Amino acid sequence: MDEEEVGEPYWNIQRSPAFYAHAILFFHVTSGELWYHLSKTLAETAAVNFSKENGLDLVVINPGFVIGPILQPTLNFTSEAFMSFIETGKEVFADGIYMLVDVRDIAIAHILAFEKAEANGRYCIVGDVVRSSEIKMILDKLYPDLGFSQRYKDKCVEAQLYSISKVKAESLGVDFTPLEVSLRDTIESLKEKKFMKL
């Protein structure tokens, strides 16, 4: 692909049933059985087909890896994985690249998609695409006692391999929360709920 930016037009290609049959085999054989990801893709396809067949307007909100304050009294998978990354430095994603979005931005996107008549199609809601070393540098600045300065080898952040377009989400009215604020509020929420001690 020639473009460095991957956005809605790239992912909105219509796929045939044969593509999905191949995708099932591909995910199973080469990607460590990423059934969750495949199930999301197939569920969205079913929703799109159902809405077309029944004359319904469908707006899809596709978030990245969600961080930010938690409301529930228990940890969900995402919060638990991110907390483990904060505490141990162990990567959530093998490539060390995180497509992060604040939970509050997702909530606003849902509200805006419901309220605005011009909302249509798919919205990729990703605030920042960053390497783990950048997250660790921010955490080291906010929480020096975590000791991240000793735990990340590469203090220089390499250029990103790609970015996710924010244009369509911003046209909806989403104003993304700065990464530093999301990271701080994630940790403060985990501390407040007594999941983390710092």
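Treat the numbers as computed from the prediction; the structure is a model and nothing was measured.
Of all heavy-atom pairs spanning Ser79 and Ile70, the tightest one is OG-CG2, 3.3 Å. Closest approach of Ala109 and Ile125 over heavy atoms only: CB-CD1, 3.9 Å. Smallest separation of non-hydrogen atoms from Phe82 and Thr186: CD2-CG2, 4.0 Å. A pairwise comparison of heavy atoms in Ala119 and Leu172 identifies CB-CD1, 3.8 Å as the closest pair. The two atoms that bring Ser132 and Glu91 nearest to each other are OG-OE2, 2.6 Å, heavy atoms only. The minimum heavy-atom distance linking Gly68 with Asp102 is given by the pair CA-OD2, 4.1 Å.
Note that CG of Asp128 is 4.5 Å distant from CG of Leu179, once rounded to the nearest 0.5 Å. Atom-to-atom distance recorded for Phe93:CZ and Phe85:CZ is 10.5 Å, nearest 0.5 angstrom. To the nearest 0.5 Å, atoms NZ (Lys141) and CZ (Arg184) are separated by 10.5 Å. Summarising the geometry, atom CG belonging to Asn120 is positioned 8.5 Å from atom CD belonging to Glu118; distances are rounded to the nearest 0.5 Å. With rounding to the nearest 0.5 angstrom, the OH atom of Tyr123 is 12.0 Å from the OG atom of Ser165. Distance CG/Leu75 to CG/Leu190: 6.5 Å, rounded to 0.5 Å.
Chaining together hydrophobic side chains whose heavy atoms lie under 4.5 Å apart places Leu56 alongside Phe50.
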Steps toward salt bridge (charged side-chain N to carboxylate O under 4.0 Å, His left out) verdict (Asp95, Arg131): CA-CA 8 Å; Asp95 62 4; Arg131 294 190 185 275; over 6 Å; no
query: How far apart are the C-alpha atoms of Arg122 and Cys124, what are their side-chain angles, what is the distance that settles it, and do they pass the side-chain contact (heavy atoms from CB on, under 4.5 Å) test?
result: CA-CA 7 Å; Arg122 170 188 280 170; Cys124 293; 4.3 Å; yes
field: Pair Ile187-Ile86, side-chain contact (heavy atoms from CB on, under 4.5 Å): steps then yes or no
entry: CA-CA 9 Å; Ile187 291 181; Ile86 293 166; 3.8 Å; yes
message: Please evaluate residues Val48 and Leu58 with respect to the criterion side-chain contact (heavy atoms from CB on, under 4.5 Å), reporting the C-alpha separation (whole Å), side-chain torsions for both, the decisive distance (0.1 Å), and the verdict.
response: CA-CA 7 Å; Val48 168; Leu58 176 69; 3.8 Å; yes
- request: Given side-chain contact (heavy atoms from CB on, under 4.5 Å), test Glu87 with Met196 step by step and report yes or no.
  value: CA-CA 9 Å; Glu87 292 178 332; Met196 251 184 121; 3.5 Å; yes
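Using modelled atom types and a 3.5 Å distance limit, the side chains of Asp185 and Ser182 yield no donor-acceptor pair.
Within 6.0 Å of CG in Asp175 there are 12 or fewer heavy atoms belonging to other residues, nucleotides or ligands. More than 12 heavy atoms of other residues, nucleotides or ligands shown are found within 6.0 angstrom of CG on Asn76. Crowding of Met99 atom CE: a count of heavy atoms from other residues, nucleotides or ligands under 6.0 Å not exceeding 12. In Lys116, the NZ atom is crowded: over 12 heavy atoms of neighbouring residues, nucleotides or ligands sit closer than 6.0 Å.
Looking at Leu139 and Leu183, their side chains come closer than 4.5 Å, going by heavy atoms from C-beta outward. Residues Ile97 and Val129 are in side-chain contact: their nearest non-hydrogen atoms beyond the backbone lie under 4.5 Å apart. Side-chain atoms of Val103 and Pro69, non-hydrogen and from C-beta on, do get closer than 4.5 Å to each other. Side-chain atoms of His110 and Val59, non-hydrogen and from C-beta on, never get closer than 4.5 Å to each other.
Both Val92 and Val130 sit in one connected hydrophobic cluster of ILVMFWY residues. Membership requires side-chain heavy atoms under 4.5 Å apart, directly or through other members. Note: the hydrophobic cluster containing Ile135 also contains Leu142 (ILVMFWY, side chain heavy atoms under 4.5 Å, direct or indirect links).
The main-chain N or O of Thr41 is found under 3.5 Å from a side-chain atom of Thr45 such that the two form a donor-acceptor pair.
A cation-pi contact links Lys166 to Phe176, judged by a cut-off of 6.0 Å to the six-membered ring centre and 45° from its axis.
In this structure, Tyr98 and Phe65 have perpendicular ring planes: the angle between them is above 60°, well past the 30° mark.
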